[in-house]
Amino acid sequence: MKRLVISLITLAVALTSLAADRLSSLPCPILGGELSNSAATSVADIDEVMPRMKALGLNTVLVPAYWELMEPREGQFDFTLIDRTIDVARREQLHVIFLWFGAWKNSMSCYAPGWFKQDTKRFPRAMTAEGKQMEIASCFSDNVLQADLKAFSALMRHIREKDPQHEVVVMMQIENEIGMLESARDHSPLAEKAYNKERWAERYGTDEYADEKFMALSYARYVEHLAKAAREIHDMPLYVNAAMNSRGRRPGEYPSAGPLAHLIDFWHEGAPSIDLLAPDIYDTGFKSWCAQYAMPLRPQDGGKVKNRLFIPESRCCENSGVRALYAFGEHQALGFSPFAIDQASEKETESVTKAYGLIKQVAAANSSLFTLHSSLKTYGLLFDQEDHERIINDDNVVMTCHHYFTLPWDPRATDGSIWPEGGAMLIRLGKFDYLLAGSGVVIDFKTPTEKQQEQQKTLGEDGFAEAGANSQELTAKSQNFNGTRLGLLSVDEVAISDDGTMQYLRRHNGDQTHQGRHARIGVDEWKILHIKLYEY
């Protein structure tokens, strides 16, 4: 028994090491963009869109691989679109992550081939409790699995032949936003047989949340068949993505049973060959969704990260750039990718391009910065009109970080318009030495004793304290100051070259720092500031 335990531990360590090696082979960070669902359905589409993605500053493009176009007739495969995507990406020096739109896309079986859709006897549908068939193939059908597996395996073999060294295709997504809609679980005859065999009701109950857990494990087991085949054919990182369970909806009202954060243990049990569970973030609460998927080390994981944050889809908007900076700075995200970036307006993509430009510079300064084991400490800032302050205590440096519009002199802060989000990466280079890369943020630096004795002042439009009753009240409450203070030794705007050399652009010690009171980057600006402090 002792030998068996040791063998199992050795195997677990080996599998953890292999997973780490797979993820370490990826371009880091992944500065991605996902194409809209019909953007690569013809050669002309691919030829037009890929150069545009390069021009936007992406290093990786997430591209659908459509089962219905790849196998229009059963057993006859056409890889024209796959080949064209790889060829153009190679020419443009881009990486590709293919998204397998197989049995399910956004829960539905809409990208399955016509011959599959029409033969519901051979490829049965999921059913509601009332016996209504849905446009969702049943994951309990072996015929469904074998058809999907055959096509996906053919795709993996072709990619191996076309790109054997993983120079272009660096990761695969299996299915897309897998999950149940309308009903929390499948009630088809095959599903009922599996449900009863598992004695699920006795283990978890009979409500919709128990039904969701049953489907989560069942979907994960299905995906594991595809993942194991991929490992044997052409080993590379594999992930599944999830539509969020947001807005207070119940199972069946969102794509239930997908790789959601509250179901991670069921997905890990059913699909151990999957490297990442990835959130598609469209709703409000971006920081909260990130935190649910950036799962840290636990002793029971044997040193393995429970889940590395990778965001394959996020709403493409004017706030996308600062959200990317936050994800990389706060959680050392593996990658970030706005959805339908090919259809977004210039105003929306501009923030992505500018943020990715800053991230590339910061990455050049320290190649390990975006790994989980970087020696540098990093923070992510993300602010809006409601959530506009964060206080960070970094080795006796208290940094009070705000949205830029908390300063008094920009009229947009009080004109009734919605604030654009502000965000940044804050990187500690050493004691009293920081890099700030972002847009729309302001930071002041204090010692802990100075912060404790801080008195709040209402500032006028010139940035100085308002006179009058407020000033008199503060004077009455004032006490003798104890301890030391921090000051800004220098704030330099810099650029970082491809070889990591920091290039001085201009000094910000005057009006740009309010004469030494803070470091700031305006809402319409995208900058890297090198900040040095001193104690007095």
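Model, not experiment: these values are computed from the prediction.
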By the definition side-chain contact (heavy atoms from CB on, under 4.5 Å), identify the one residue from Ile341, Asp342, Val352 that meets it with Leu56.
Ile341
Before you tell me yes or no, could you show the steps for His262 and Glu212 under side-chain contact (heavy atoms from CB on, under 4.5 Å), namely the whole-Å CA-CA distance, both residues' side-chain angles and the distance that decides it to 0.1 Å?
CA-CA 11 Å; His262 70 281; Glu212 182 181 38; 3.1 Å; yes
When rounded to the nearest 0.5 angstrom, what distance separates OG in Ser38 from OH in Tyr66?
5.5 Å
So do Pro279 and Phe310 actually touch side chain to side chain, heavy atoms under 4.5 Å?
no
Side-chain contact test, heavy atoms from C-beta onward, threshold under 4.5 Å: evaluate it for Phe140 versus Ser218 and give yes or no.
yes
Within-4.5 Å side-chain heavy-atom neighbours: Leu31 and Thr60:
no
Quick one: do Asp207 and Lys213 make a salt bridge, cutoff under 4.0 Å?
no
May I ask you to check whether over 12 heavy atoms, not counting those of Lys377, lie within 6.0 Å of atom NZ?
yes
Can you confirm whether Arg160 sits close enough to Leu155 that some side-chain heavy atom of one is under 4.5 Å from a side-chain heavy atom of the other?
no
Smallest heavy-atom separation, Arg22 atom then Asp275 atom, equals NH2-OD1, 3.1 Å
Pairwise side-chain contact, Leu99 with Glu175, heavy-atom cut-off 4.5 Å (strictly under):
no
Salt bridge (Lys or Arg N to Asp or Glu O under 4.0 Å) between Glu330 and Arg390, intermediate numbers included:
CA-CA 12 Å; Glu330 185 69 11; Arg390 179 182 182 184; 2.8 Å; yes
Taking the ring centre of each residue, are Tyr111 and Trp104 less than 6.0 Å apart?
no
Paired with Phe98, the side-chain contact (heavy atoms from CB on, under 4.5 Å) test is passed by just one of Thr85, Ile174, Val170, namely Thr85
Can you check whether Phe101's main-chain N or O pairs, donor with acceptor, with Asn176's side chain at less than 3.5 Å?
no
I'd like to know if Arg185 pairs up with Glu208 as an ion pair, taking the criterion as any Lys NZ or Arg NE/NH1/NH2 lying under 4.0 Å from an Asp or Glu carboxylate oxygen.
no
Please lay out, stage by stage, how Asp283 and Met244 fare under the test side-chain contact (heavy atoms from CB on, under 4.5 Å).
CA-CA 8 Å; Asp283 273 345; Met244 299 294 91; 5.7 Å; no
Closest non-hydrogen atom pair between Cys401 and Phe383, with its separation
O-CZ, 3.5 Å
Carboxylate-amine/guanidinium contact Glu232 Lys228, below 4.0 Å:
no
Parallel, tilted or perpendicular: which one describes the rings of Phe266 and Trp200, with boundaries at 30° and 60°?
tilted
Examine distances only and state if a side-chain atom of Ser183 and a backbone atom of Thr128 form a donor-acceptor pair shorter than 3.5 Å.
no
We want to know whether Gln385 and His403 form a side-chain donor-acceptor pair, criterion being a heavy-atom distance below 3.5 angstrom.
no
Looking at Glu74 and Arg122, does any basic side-chain N land under 4.0 Å from a carboxylate oxygen?
yes
Is there a side-chain contact (heavy atoms from CB on, under 4.5 Å) between Leu26 and Cys28? Walk through the geometry before answering.
CA-CA 6 Å; Leu26 291 167; Cys28 191; 5.7 Å; no
Are Val88 and Arg84 side-chain neighbours, meaning at least one heavy-atom pair lies under 4.5 Å?
yes
Distance col, row Trp267:CH2 vs Arg221:CZ, nearest 0.5 angstrom, shows 12.0 Å
Give the intermediate values and the outcome of salt bridge (Lys or Arg N to Asp or Glu O under 4.0 Å) for residues Lys132 and Glu182.
CA-CA 10 Å; Lys132 181 174 70 172; Glu182 190 173 349; 2.3 Å; yes
Could you give the distance from CG (Leu238) to CE (Met236), rounded to the nearest 0.5 Å?
8.0 Å
Between Tyr204 and Phe214, is the gap from one ring center to the other below 6.0 Å?
no
Count the heavy atoms of every other residue, nucleotide or ligand shown that sit under 6.0 Å from CD of Glu389, and state whether that count exceeds 12.
yes
Where the side chain of Tyr379 meets the backbone of Gly329, is there a donor-acceptor pair that is under 3.5 Å apart?
no
Output yes when Lys162 and Asp87 qualify as a salt bridge under the 4.0 Å nitrogen-oxygen rule, no when they do not.
yes
Does the distance from a Lys or Arg side-chain N to an Asp or Glu carboxylate O, for Glu202 and Arg199, drop under 4.0 Å?
yes
Has the side chain of Arg157 got a donor or acceptor atom that lies under 3.5 Å from a matching backbone atom of His234?
no
Which atom names give the shortest non-hydrogen contact between Asp235 and His166, and what distance separates them?
O-NE2, 2.9 Å
Over 60° means perpendicular and under 30° means parallel, so tell me whether Phe79 and His158 are parallel, tilted or perpendicular.
parallel
Specify the closest pair of heavy atoms between Gly32 and Tyr356, including all atoms of both residues, with the distance to one decimal.
O-OH, 2.7 Å
Centroid separation Phe370 to Phe328 less than 6.0 Å
yes
Where do Arg73 and Asp78 land on the salt bridge (Lys or Arg N to Asp or Glu O under 4.0 Å) test, with the steps shown first?
CA-CA 10 Å; Arg73 285 177 291 278; Asp78 182 350; over 6 Å; no
Over 12 foreign heavy atoms within 6.0 Å of CZ, Arg203:
yes
Keeping the roles fixed (side chain from Asp163, backbone from Ile159), state whether a donor-acceptor pair exists under 3.5 Å.
no
Which atom pair, heavy atoms only, marks the closest approach of Leu325 to Ala437?
CD2-O, 3.9 Å
Donor-acceptor pair, side chain of Ser345 and main chain of Glu348, under 3.5 angstrom:
yes
So does Glu34 get a backbone contact from the side chain of Ser337, meaning a donor-acceptor N/O pair under 3.5 Å?
yes
So how far is it from Phe123 CZ to Ser138 OG, rounded to the nearest 0.5 Å?
13.0 Å
State, with a plain yes or no, whether a side-chain heavy atom of Tyr209 is found less than 4.5 Å away from one of Pro251.
yes
Got a second to check how far Tyr282's OH is from Cys316's SG, nearest 0.5 Å?
9.5 Å
Pair Ser273, Glu224: side-chain N/O donor-acceptor within cut-off below 3.5 Å
yes
Euclidean distance, Ile86 CD1 relative to Arg91 CZ, rounded to 0.5 Å:
14.0 Å
If you compare all heavy atoms of Leu309 against all heavy atoms of Ala327, which two are closest, and at what distance to 0.1 Å?
CD2-CB, 4.4 Å
How are the rings of Trp100 and Phe152 set relative to one another: parallel (under 30°), tilted (30 to 60°) or perpendicular (over 60°)?
tilted
Student check: side-chain heavy atoms of Tyr239 and Ile97 closer than 4.5 Å
yes
Could Lys105 and Glu177 be called an ion pair, given the rule that one side-chain N must be under 4.0 Å from one carboxylate O?
no
Should the ring pair Trp419 and His388 be called parallel, tilted or perpendicular, given that the plane angle runs from 0 to 90° and is split at 30 and 60?
tilted
Are the side chain of His95 and the backbone N or O of Glu167 linked by a donor-acceptor pair below 3.5 Å?
yes
Crowded around Gln93 CD? As in, over 12 foreign heavy atoms under 6.0 Å?
no
May I ask you to decide if Val144's main-chain N or O and Ser141's side chain share a donor-acceptor pair within less than 3.5 Å?
yes
